[in-house]
Amino acid sequence: MKEMLCESVFFGVMVSILMYELGIFLKKKFRLALFNPLLVSVIAVMGVLLVFQVDYDAYYEGAQYLSYLLTPATVCLAVPLYEQIGLLKKHSRAIAGGILSGVLTSLVSILAMSAAFGLSHEEYVTLLPKSITTAIGMGISEELGGMVTITVAVIVITGVLGNMIAETVCRLFRIEEPVARGIAIGSAAHAIGTAKAMELGEVEGAMSSLSIAVAGLVTVAAASLFAGFL
């Protein structure tokens, strides 16, 4: 069985899609934030690899084709933004301030926690890009001398947690303005959080999509500055 799975080019793609579908099924059935499709699929894929003793490299041989869709999927987020262009112009200052605040909050919190827990410089810069999309975060981590694989894991975890608790946090702090909700989610939880923002509404989804791109660009510049603080 192990040999058959390892030799199949489509094993990685098949397992990834099936486990994600399992996550969607569980989310619809139980309606709990804990059953986030991405979180479920990650855990389930790990379980499959462990049970059948399949090496990650063999799994990734096929699963890598799914990663090719990341860039076009991110670009497609520009569509809802274009549909809300009037709202963007109307609230441009507030949007810019919100995204900048989100980026600075992320970087300052990582700096504070790294200092508090005595992390090394390498560990510190690995965590700095946690709140931006994977494609940009990997480049920042590599440029600053971080551990890219850990950066990817942290980015995914940040996005999944953001997706799970975004609506609850907005309700807890009584954030009802759609623009504010979208900016907050997008600048904190990148593309995975944007999926939740789109569920909340078109405006939230559009503003969150904008936050992904702008927050990524701002982080590229700011992370280089913050890297010298520790």
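Of all the heavy atoms in Lys196 and Asn163, the pair that sits closest is CE-O, 3.3 Å. Heavy atoms only, all atoms of each residue included: Ala227 and Val125 are closest at CB-CG1, 4.0 Å. Residues Leu107 and Ala223 share a closest heavy-atom pair of CD1-N, 4.3 Å. Taking each heavy atom of Ser101 and Thr105 in turn, the nearest pair found is O-OG1, 2.7 Å. What you find for Thr151 and Pro129 is that their closest heavy atoms are CG2-CG, 4.1 Å. Heavy-atom minimum distance, Glu122 versus Gly145: CG-O, 3.5 Å.
The main-chain N or O of Met147 is found under 3.5 Å from a side-chain atom of Thr126 such that the two form a donor-acceptor pair. In this structure, Ser208 contributes its side chain and Gly186 its backbone to a donor-acceptor pair below 3.5 Å. Side-chain N or O atoms of Glu142 include none that pairs as donor or acceptor with a backbone N or O of Gly139 at under 3.5 Å. Between the Asp55 side chain and the Asp57 main chain, no donor and acceptor come within less than 3.5 Å of each other. At least one donor-acceptor pair closer than 3.5 Å links the side chain of Ser120 to the backbone N or O of Glu123. Side chain of Ser131 to backbone of Ala188: a donor-acceptor contact under 3.5 angstrom is found. Side-chain atoms of Ser106 do not come within 3.5 Å of backbone N or O of Gly102 as any donor-acceptor pair.
Residues Leu104 and Met113 are members of one and the same hydrophobic cluster, defined by side-chain heavy-atom contacts under 4.5 angstrom among Ile, Leu, Val, Met, Phe, Trp and Tyr. Residue Leu172 is not grouped with residue Leu200 when hydrophobic side chains (ILVMFWY) are merged at heavy-atom distances under 4.5 angstrom, including chains of intermediate members. Linking ILVMFWY side-chain heavy atoms closer than 4.5 Å, directly or via other members, places Leu100 and Ile110 in a single hydrophobic cluster. Cluster membership check: Val220 shares its hydrophobic cluster with Val218, using side-chain heavy-atom separations under 4.5 Å among Ile, Leu, Val, Met, Phe, Trp and Tyr. Under the 4.5 Å side-chain contact rule for hydrophobic residues, Val40 and Leu50 do not share a cluster.
With contacts defined as side-chain heavy-atom distances shorter than 4.5 Å, the pair Leu230/Leu111 qualifies. In this structure the side chain of Ser16 reaches within 4.5 angstrom of the side chain of Tyr59, judged on heavy atoms. Side chains of Pro178 and Met207 form no contact here, defined as non-hydrogen atoms less than 4.5 Å apart. Looking only at side-chain heavy atoms (C-beta outward), Val108 and Phe226 come within less than 4.5 Å of each other. Looking only at side-chain heavy atoms (C-beta outward), Met198 and Glu204 stay at 4.5 Å or farther from each other. Taking 4.5 Å as the limit, some side-chain heavy atom of Val179 sits within range of a side-chain heavy atom of Leu87. Side-chain contact between Ile95 and Leu88: present, with at least one pair of heavy atoms (C-beta onward) separated by less than 4.5 Å. With contacts defined as side-chain heavy-atom distances shorter than 4.5 Å, the pair His190/Thr194 does not qualify.
Other residues, nucleotides and ligands place no more than 12 heavy atoms under 6.0 Å from the CE atom of Met138. Other residues, nucleotides and ligands contribute more than 12 heavy atoms inside 6.0 Å of the CD atom of Glu177. Atom CZ of Phe25 sits in a sparse spot, with 12 or fewer heavy atoms from other residues, nucleotides or ligands closer than 6.0 Å.
The aromatic rings of Tyr56 and Tyr60 sit parallel to each other, their planes meeting at less than 30°, with 60° as the upper class boundary.
Residue Ile17 holds its CD1 atom at 5.5 Å from CG of Leu66, rounded to the nearest 0.5 Å. Within the model, atoms CE of Met14 and CE of Met19 stand 8.5 Å from one another, a figure rounded to the nearest 0.5 Å. How far CG of Leu38 is from NZ of Lys27: 11.5 Å, rounded to the nearest 0.5 Å. To the nearest 0.5 angstrom, Leu210 atom CG is 8.5 Å from Ile85 atom CD1. Separating the CG atom in Leu26 from the CD atom in Glu21 is a distance of 11.5 Å, to the nearest 0.5 Å. For the atom pair CG of Leu161 and CG of Asn36, the computed distance is 9.0 Å after rounding to the nearest 0.5 Å.
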**Message:** The test is side chain to side chain contact (heavy atoms under 4.5 Å, CB included); show your working for Val15 and Val54 and say whether it passes.
**Reply:** CA-CA 12 Å; Val15 170; Val54 177; over 6 Å; no

